Amino acid sequence: MTLARAAGNARRTIWATGDGGVEIIDQTLLPHSYATRRLGTVADVAEAIKVMRVRGAPLIGATAAYGMAIAADADPSDAGLGTARDTLFATRPTAVNLGWALTRMMARLAGAGPADRAALAWAEAEAIAAEDVALNAAIGDHGLALVETAYAARGGTVNILTHCNAGWLATVGWGTATAPIYKAHAAGIPVHVFVDETRPRNQGASLTAWELGEAGVPHTLVADNAGGHLMRRDMVDLCIVGTDRTAANGDVCNKIGTYLKALAAHDNGVPFYVALPSPTLDLSLGSGDEVPIEERDAAEVTELAGRTADGRIETVRIAPPGTPAANPAFDVTPARLVTALVTERGVFRPGELKAVFGGTLAA
Ligand SMILES: CSC[C@@H](O)[C@@H](O)C(=O)COP(=O)(O)O
């Protein structure tokens, strides 16, 4: 099935099936095949987040919310919900949307009796998913103005560099970093995207390249190390990335390698934008140094998976047997390297975050 078929689900990456489960796009199979997968138990949901069948901060949050609805169907007691919450919270540590969604679900269900909880939980999960689509659409509208400014300055195709996948696959719909790109493309502004491959899991090569291709947005896949060279050659008008957790001082935690792109952008006077919906803000953290960084399996670094010429999916080793490898999955870009944050409420400097969002978000 292609994106055109997925668009039949209003371009959503997760949807309730109406029979006590949800359907997701299994992102571990992309770009080689598009398949959906049913999640019908809390264990299914936890596994899907952990092995990254669903990934990207907003989608992790929405999936966990549906996981709580599945839990409320099975055992709506306080103990049952508490166990489900703990199981889901333990899946991945860095994206704050996970804890945010679980806290919101628990708060919604706390005041209700067990008999009412399942219906409330499905409605709340649905609200979280629908809100995500709306927040990202608003990010797209605000970010579009930045692309328009770059277009006016360049007088031709706007070249945008992005890292990892902060696209519609990383959210319920639109994407964060890609929302302005999709809106610009739809508005007839010529855009071209440099897609970082994003080792070690290659979310750029396998997911961003796939979804931009499906949407007809011109793009070029580049090795992670190419960004600095492209920026020095004036081949990048702006960078835009997503984030898994942004601290109160505007430090941005995102996929490993983001920091190096921000350094290169700073050195070359290229604007470095970070797109985020407010559930990705963690105003309880004074700085990015406090963000828990996920350490993943070293095999993701020492091995590569791909499709052979005859269509088989194979994993091959690229390092000598027994090579020690480290795999920090995220890094922190200091606020001083971030030109602006593109949010659903507008475009702000990192230092403005607390004033804009502090009154309305739990700190
Ligand atoms: C809108 S998604 C923002 C981030 O979650 C994204 O940039 C990212 O780093 C995803 O990491 P992943 O490890 O694939 O879940």
Side-chain angles (χ1 to χ4, degrees), residues 13-14 24-28 30 48-64 91-101 129 131-133 135-140 143 161-182 193 195-211 224 239-246 252-262 272-282 288 291-297 300-301 327-333 338 341-344:
T13 51
I14 185 167
I24 59 157
I25 299 167
D26 187 345
Q27 299 188 26
T28 62
L30 289 171
I49 297 173
K50 208 173 177 58
V51 308
M52 296 172 64
R53 299 187 197 284
V54 290
R55 27 68 53 203
L59 182 56
I60 290 171
T63 307
T91 50
R92 294 190 73 189
T94 301
V96 72
N97 306 59
L98 175 62
W100 169 86
E131 282 169 28
D132 182 60
V133 178
L135 294 178
N136 298 331
I139 287 170
L161 183 137
T162 192
H163 191 69
C164 193
N165 173 263
W168 79 275
L169 287 169
T171 63
V172 182
W174 280 109
T176 59
T178 56
I181 295 169
Y182 289 135
V193 183
V195 177
D196 284 353
E197 62 177 343
T198 317
R199 278 283 288 150
R201 283 190 66 108
N202 295 314
Q203 289 95 327
S206 59
L207 303 178
T208 305
W210 181 81
E211 67 164 83
D224 284 327
C239 300
I240 185 161
V241 300
T243 168
D244 284 78
R245 195 184 292 235
T246 291
V252 166
C253 181
N254 191 48
K255 181 53 56 192
I256 194 77
T258 301
Y259 173 43
L260 286 174
K261 295 302 141 63
F272 191 87
Y273 298 115
V274 178
L276 74 156
S278 53
T280 309
L281 277 173
D282 188 349
V291 177
I293 302 293
E294 181 177 15
E295 295 282 340
R296 294 187 60 85
D297 193 334
E300 291 181 352
V301 177
N327 189 7
F330 298 92
D331 61 24
V332 173
T333 297
V338 177
L341 297 151
V342 189
T343 76
E344 72 268 16

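Just so you know, ligand 1 is whichever comes first in the structure, and atom 1 is the first atom listed for that ligand. Since the model is a prediction, treat every value here as computed from it, not as a measurement.
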* Donor-acceptor pair, Thr176 side chain versus Leu276 backbone, under 3.5 Å? -> no
Report every pair formed by an N or O atom of ligand 1 and a protein N or O atom separated by less than 3.5 Å, giving atom names and the distance to 0.1 Å.
{"residue": "ligand 1", "atom": "5 (O)", "partner": "Ala57", "partner atom": "N", "Å": "2.9"}
{"residue": "ligand 1", "atom": "5 (O)", "partner": "Asp244", "partner atom": "OD1", "Å": "3.0"}
{"residue": "ligand 1", "atom": "5 (O)", "partner": "Asp244", "partner atom": "OD2", "Å": "3.1"}
{"residue": "ligand 1", "atom": "7 (O)", "partner": "Asn254", "partner atom": "OD1", "Å": "2.6"}
{"residue": "ligand 1", "atom": "9 (O)", "partner": "Asp244", "partner atom": "OD1", "Å": "3.0"}
{"residue": "ligand 1", "atom": "9 (O)", "partner": "Asn254", "partner atom": "OD1", "Å": "3.2"}
{"residue": "ligand 1", "atom": "9 (O)", "partner": "Lys255", "partner atom": "N", "Å": "3.4"}
{"residue": "ligand 1", "atom": "13 (O)", "partner": "Arg92", "partner atom": "NH2", "Å": "2.8"}
{"residue": "ligand 1", "atom": "13 (O)", "partner": "Lys255", "partner atom": "NZ", "Å": "2.7"}
{"residue": "ligand 1", "atom": "14 (O)", "partner": "Arg55", "partner atom": "NE", "Å": "2.9"}
{"residue": "ligand 1", "atom": "14 (O)", "partner": "Arg55", "partner atom": "NH2", "Å": "3.1"}
{"residue": "ligand 1", "atom": "14 (O)", "partner": "Gln203", "partner atom": "NE2", "Å": "2.9"}
{"residue": "ligand 1", "atom": "15 (O)", "partner": "Gly56", "partner atom": "N", "Å": "3.0"}
{"residue": "ligand 1", "atom": "15 (O)", "partner": "Arg92", "partner atom": "NH1", "Å": "2.9"}

Those residues at least two apart in sequence (or on a different chain) that pass salt bridge (charged side-chain N to carboxylate O under 4.0 Å, His left out) with Asp196 are Lys261
Between Asn165 and the options Gln27, Gln203, Arg55, Arg201, the side-chain hydrogen bond (donor to acceptor under 3.5 Å, both in side chains) test singles out Arg55
Is it true that a side-chain atom of Thr162 and a backbone atom of Ile240 form a donor plus acceptor pair closer than 3.5 Å? yes
Taken in chain and number order and not counting sequence neighbours, the residues that satisfy side chain to side chain contact (heavy atoms under 4.5 Å, CB included) with Glu197 are Arg199, Asn202, Ala205, Leu221, Ala223, Asp224
Sorted by chain and residue number, the salt bridge (charged side-chain N to carboxylate O under 4.0 Å, His left out) partners of Arg92 (sequence neighbours excluded) come out as Glu294
